[in-house]
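When a ligand or atom number is given, it counts from 1 through the structure's own listing order. Positions are given from 1 along the sequence.
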Amino acid sequence: MTLITDDLAFAEDWLMHREDADALARSGFLTEQGATWLQRRLSTQSPVTVLDLACGAGANINYLAPQFPGPQQWRLVDNDAGLLHVAECRGHSLCDAGRRSLGVQAVTRDLRVLLKDSQGLDDLLSEADLVTASALFDLVSKAWVERLVTACARHGTAALFALSIDGDWSFTADGSVSADTLDDAWVRDILAAHQRHDKGFGPALGGDAPSVLTHAFQAVGYHVLNRPSPWTLTPDRDGARLLALELIKGWAEAVLEQSPQDRGRVSAWYRRRFDDLESGRIGLLVGHQDLFAMPQEHS
Ligand SMILES: C[S@@+](CC[C@H](N)C(=O)[O-])C[C@H]1O[C@@H](n2cnc3c(N)ncnc32)[C@H](O)[C@@H]1O
């Protein structure tokens, strides 16, 4: 399976496959912080509005809406109209924590332009009580994050950003992290370089996303909470094993793109790790971080 198709389009089946691992990994504590923030906002206005940036096929709304108080109005934003349509349909079938249906608006927008279009950014954020995103920030640049965070501060909007990769991953055996082979470490380094390629937002953050987000929110005086949200892909769960296999295939493709002269070494690494994972001898731990940030005066 190809995880990312041409022109940074994300395959719907890949996004669907990762949803279970995402839901298991996400920080319940930070979700509660988001819910508490919205509950406070509900004392002065109703419904509360949640803006989901790069919503894909709707994993984030599917996870959050039932745990958040309502009434809720969601604005789902993505540049992929097909994924956005799936997310919008899912949103209409969901309820908030009080079992009320949601208001859902789909907005087709290329988020890259927000780097230059501050009016567009203000329009998106002006009515948002909470801005959220999942699995987005490795793709964007430091400058893009700073624009977004500055706009959040201008509007007093809180942020809940889940599942930002932190660049750490390792194979596990019997539940413990197993020692890297030389080739694991080599793949990790080349993959990290590949993840930093510009995706149209400026030089991509890759595994630096969690620390860049944290510093950007602290710089505008926000109270910031971080929690690890790693994927723990143990071989005893079929879905987790398949996800790990898909993931290392995508990694091998990325390493090959970055270092085409090393085809033999990449293929040997991929075959060995594929066999280890498929046979259930090992699992895979993939580091992510979740972040909740809110204006200081409310903390
Ligand atoms: C890794 S997926 C995450 C999707 C979803 N948030 C989730 O957790 O499943 C990244 C998303 O970013 C969207 N995306 C990529 N580039 C974009 C852009 N320039 N403007 C808007 N959305 C973009 C993709 O279409 C995709 O839905």
N or O contact, Asp22 vs ligand 1, cut-off under 3.5 Å: no
4.0 Å heavy-atom contact, Cys55 with ligand 1: yes
Close N or O approach (Ala54, ligand 1; < 3.5 Å): yes
Electrostatic pair Arg241:Asp238 at N-O distance under 4.0 angstrom: yes
Atom indices of ligand 1, in the order listed, that fall short of 4.0 Å to a heavy atom of Arg112: 19 (N)
Contacting atoms of ligand 1, where contact means under 4.0 angstrom from a heavy atom of Arg109: 20 (N), 21 (C)
Under 3.5 Å: N/O of Ser134 near N/O of ligand 1: yes
Considering only distance and modelled atom types, tabulate donor-acceptor pairs under 3.5 Å from the side chains of residues 62-70, sequence neighbours left out.
| unit_1 | atom_1 | unit_2 | atom_2 | d |
| --- | --- | --- | --- | --- |
| Asn62 | ND2 | Glu19 | OE1 | 3.4 |
| Gln67 | NE2 | Tyr63 | O | 3.1 |

Near-ring test Trp186/Trp269, centroid separation under 6.0 angstrom: no
Contact check: Arg18 vs ligand 1, nitrogen or oxygen atoms, below 3.5 angstrom: no
Distance in Å, Asp138 CG paired with Leu205 CG, rounded so as to fall on 0.5 Å steps: 8.5 Å
Lys142 and Asp208 ion-paired at < 4.0 Å: no
Ion pair Arg281/Asp276, N-O distance below 4.0 Å: yes
Parallel, tilted or perpendicular: ring planes of Phe171 versus Trp169, cut at 30 and 60 degrees: perpendicular
Non-neighbouring partners of Arg271 that pass salt bridge (Lys or Arg N to Asp or Glu O under 4.0 Å), sequence neighbours left out: none
Which of the ligand 1 atoms, numbered from 1, are nearer than 4.0 Å to a heavy atom of Leu83: 25 (O), 27 (O)
Asp110-ligand 1 polar pair, N/O distance under 3.5 Å: yes
Atom indices of ligand 1 within 4.0 angstrom of Leu111 heavy atoms, with elements: 18 (C), 19 (N), 20 (N), 21 (C)
Proximal atoms of ligand 1 relative to Leu15 (non-hydrogen, under 4.0 Å): 2 (S), 9 (O)
